[in-house]
Structures are given as structure tokens and as C-alpha cells.
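Worksheet for the structure shown next.
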Amino acid sequence: MDGINTLQEAIIYFADYDNCHKLMMQLRWPDGKVQCPRCGADKVTYLAKNRVWKCYARHEKPTFSLKTGTIFEDSPLGLDKWLPALWLVVNCKNGISSCELGRDLGVTQKTAWFMAHRLRFALTDGGFNLLSGEVEADETFIGGKARNMHVSERQRRITGTGGKDKTIVFGALERGGRVRATVVPSRKKQALQTEVKKHVEAGAALYTDALLSYEGLASDYAHQVIDHAIKYADGKVHTNGLENFWSLLKRGISGTYVSVEPFHLFRYLDEQSFRYNNRATKDNPLNDSDRFVLALSQITGKRLTYQRLTGKDLRPEPLMN
Ligand SMILES: [Zn+2]
């Protein structure tokens, strides 16, 4: 992937199947020992003409490809479409619409929509590690059905502060670390505290606003409250990190996506969270190519860490799920 820094370069690079092959091999079987994804056997033969391996163990579907066992498996689209699509999804700061994606890849909008959704699904943070240290928790409203709505009306609904047609999103952000965002059924105590406990390690410093639903968390967390009716920050006690994330999220939704049905919202949350969690920072100067390889490692089930990536050691972390 050296020398591939822009979308245009990525599209040209992946138009050559050998380059797709090389990268997928590096991620899936970095030692070059190909194993059957169905049974784990290493007695396999590569049939170059069909770009598949044949497994000699007796089971159904004895051949497999580079796509087998990944989210690309049952799709007729080639890696030459999937890999640039992934590049686009993870590197467009405010997200990308299926129209743009379709145009860039030369596929129909419907196909692009399907691809983007599948990629977002693959980018879901497994949530293996709880957030710890200093953690902000907050919730926000996202406008529901924005389709067939005048722009100003859509804007009002998406950035407004409440209403019955809105979807409620809960977020937790570890300062200097990761964010998690998820759709919740209500802002009631049980709904929000369940999410806090699901994502935040007991004993962490927890910062929230004065919403009563967060009351009672002090038994598990060093919980401090900022009352937004009075001020927005009191030293470390604020939720500004999440405010920043919400504004990125809303900008993406109102600016890029014509409509986000509540049912699909969680996918957009995952996509925006992935970009946020893999953004370039001073300690973590990721470029588009790095972000793409990290995402691809997640998709192929061989999760790389940034340290591994930048050490140019492409051996994955041990599987955690
Ligand atoms: Zn097999």
C-alpha cells in the first residue's frame, strides 16, 4: 500500500487484481500458509485461473476465495469494487451518500447503498474493552424521517432539542480514546444507566450533565455533574468531547444523507464512531491509507492495532471474538 494516498490512486491500484490479492493475503494469511476458512485445513491448492483454492477435506463447497469468510463472501462484486468502496467510507469525513459512492465506483445507487450498509456493519466496534479513565456520557436527539422535508425543516428537526419523532442516541467517550454511540429507547434512568454500565469500566471518572437519569451512578463511578443551565465546563467536569462528536455526527447526517430512517441510524453511528476512533491525532498520525488497512483488518476478522500497523508488522492481534 506504499505510495497509495488518495482515492484516485486507490481505485487505480485495486483495479489490478494482483494488488487486491497481495493485500488480502497479507491480512488473512500473513505467513503465506493458506488455510481453508471452512475447516481450517492447510492442505489446499490454488487454482489461479479461477482465483480460488481447493480444500481436500470432504465438506460442502470445497473451494474458497479471498472473499470467503469475510463480509464480501456472498457478494458477486469483486474486490476491485469493495476495496475502493471501503476506502471511501472510512475516509470521507462527513460520510458519503450512496449516489456519490455509486458514481465513484461505477455501480448503481442501489448497489452502492447495499455496499455502504454492509461496510458500516463490518465497522461496528465489537466493544471488547470497556472505556476507562475519564469518560463523558451524554445523549442527543436525531431527527427521524427527513425524507420529503424542506431543507430548513430538516435542519430544525435534526439540530433541535427534542420532539416525539426523534431518535435518542446515547454516547460515551473516553478522553483521548474511543467513543461509543448507540440508539436508546428513552432517556429514562434504566435505559441510560444500562448503557453506561455496558460501556464504562467501574471505577472510571464519569462526567455527565445534570439529567436526573444519571443519578445513582456514584456507587460505581467517580461521577461528577455539570449543570448546563449554569455553565458548560468546570475544570475537568464537562461533556465537550461528546458535544464535538454530536456535531460531527449531525453534520454528516444532515449534509450527506438525504434521509436516515431511525432503523438504519445505528449503522451511521457505527460509521461515524469508526472515523472518530481512527482519526489522526498527534500521538496517532494516521493517514487515509492506514485507516483503510485498519478497517480492512477488522472486516477480515484479523483486527490490527495502530501500533502493529505503523510498525509495518501486519500480523494481526489474536482474535478476540
Ligand atoms: Zn476445508
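In listed order, ligands and their atoms are each counted from 1.
Looking only at protein N/O/S atoms, the ones less than 2.8 Å from the Zn ion (ligand 1) make 4 in total.
For His21 and Phe14, the gap between ring centers reaches or exceeds 6.0 Å.
A donor and an acceptor atom, one from each side chain of Lys198 and Thr182, are nowhere located under 3.5 Å apart. Between Thr239 and Tyr232, the side chains place no donor N or O within less than 3.5 Å of an acceptor N or O (distance only, hydrogens not considered). Under 3.5 Å, the side chains of Trp53 and Thr45 contain no donor-acceptor pair of N or O atoms.
Between Arg38 and Glu73 a salt bridge is recorded (basic side-chain N to carboxylate O distance below 4.0 Å).
Between Tyr214 and His223, the ring planes lie perpendicular to each other; the angle is over 60°, past the 30° to 60° tilted range.
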